[in-house]
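Residue numbers run from 1 in the order of the sequence given. The figures here come from the full heavy-atom set of this structure, side chains too, leaving out hydrogens, waters and symmetry mates.
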Amino acid sequence: TLSGSDDEGADEGSEDGPDVTERREEVTVKLFRRLSQRPSADELKARGILRSKNRREAAAQMEETKETLSRKLSRRPTVKELREKKILIRFADYAEVVIAAEYDRKADKPWTRLKQADKAAIRRELNEFKQKEMTVHPDSAHMTRFHKP
């Protein structure tokens, strides 16, 4: 019968080989480790990730936050008070906004157009300057970097 074949399949599935059993135990251990590292529901609520299920509590907390912020905003100092305390001395009352013309903001890179001979001449001139004209303390002269010619 159909139910008899199901029972036989169940018996065969429970008699897994040693490789399958070991693998199952490894996966169980790994899964247990991963699950134990997950933060608890209380930690998630404390971080504000998991919300409380009660809508009334959430609405009450929202109202409390609104009242707190309104109180803080009502106690903000005025511009005059800030100027008297010399906090706003560098700011203007108004900001001027103008429309800027469109222009190409890419920089000109003249060094990309130099030929190898030009680069070598620049390096040579720089090395000569460092050797003859640049004043360097005798104790740090060995640290002067010269460019390859």
Next item on the list: Apply side chain to side chain contact (heavy atoms under 4.5 Å, CB included) to the pair Arg113 and Asp108, showing each step before the final yes or no.
Entry: CA-CA 10 Å; Arg113 296 187 296 270; Asp108 182 34; 3.0 Å; yes

Next item on the list: Start with the C-alpha gap between Met62 and Lys66, add the side-chain angles, then the distance that decides, and say whether side chain to side chain contact (heavy atoms under 4.5 Å, CB included) holds.
Entry: CA-CA 6 Å; Met62 183 71 77; Lys66 284 181 184 178; 4.1 Å; yes

Notebook entry, point to check: Stepwise, does the side chain to side chain contact (heavy atoms under 4.5 Å, CB included) test hold for Arg76 with Leu73?
Noted result: CA-CA 5 Å; Arg76 284 179 61 184; Leu73 285 173; 3.4 Å; yes

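Glu128 CD to Glu133 CD: the interatomic distance, rounded to the nearest 0.5 Å, is 9.0 Å. From Leu69, atom CG reaches atom CZ of Arg71 across 9.5 Å, with rounding to the nearest 0.5 Å. From His142, atom NE2 reaches atom OG1 of Thr144 across 9.0 Å, with rounding to the nearest 0.5 Å. Annotation: the span from Arg47 atom CZ to Asp42 atom CG amounts to 12.0 Å, rounded to 0.5 Å. Atom CD of Gln37 and atom CZ of Arg33 lie 9.0 Å apart (nearest 0.5 Å).
Atom CD of Glu125 has 12 or fewer heavy atoms from other residues, nucleotides or ligands within 6.0 Å. The number of heavy-atom neighbours closer than 6.0 Å to CD of Glu64, taken from other residues, nucleotides and ligands shown, is 12 or below. Atom CZ of Arg123 sits in a crowded spot, with more than 12 heavy atoms from other residues, nucleotides or ligands closer than 6.0 Å.
Judged by distance alone, with hydrogens and angles left aside, the side-chain atoms of Asn127 form no donor-acceptor pair with the main-chain N or O of Phe146 at under 3.5 Å. Glu63 places no side-chain N or O within donor-acceptor distance of the main-chain N or O of Ala60, the cut-off being under 3.5 Å. Although no hydrogens or angles enter the test, the distance criterion places a donor-acceptor pair under 3.5 Å between the side chain of Thr78 and the main chain of Glu81.
If you chain together hydrophobic residues whose side chains sit under 4.5 Å apart, Val136 and Phe129 fall into the same group.
For the pair Gln61/Glu57, no side-chain contact is recorded, criterion being any heavy-atom separation below 4.5 Å from C-beta on. In this structure the side chain of Arg34 never reaches within 4.5 angstrom of the side chain of Lys30, judged on heavy atoms.
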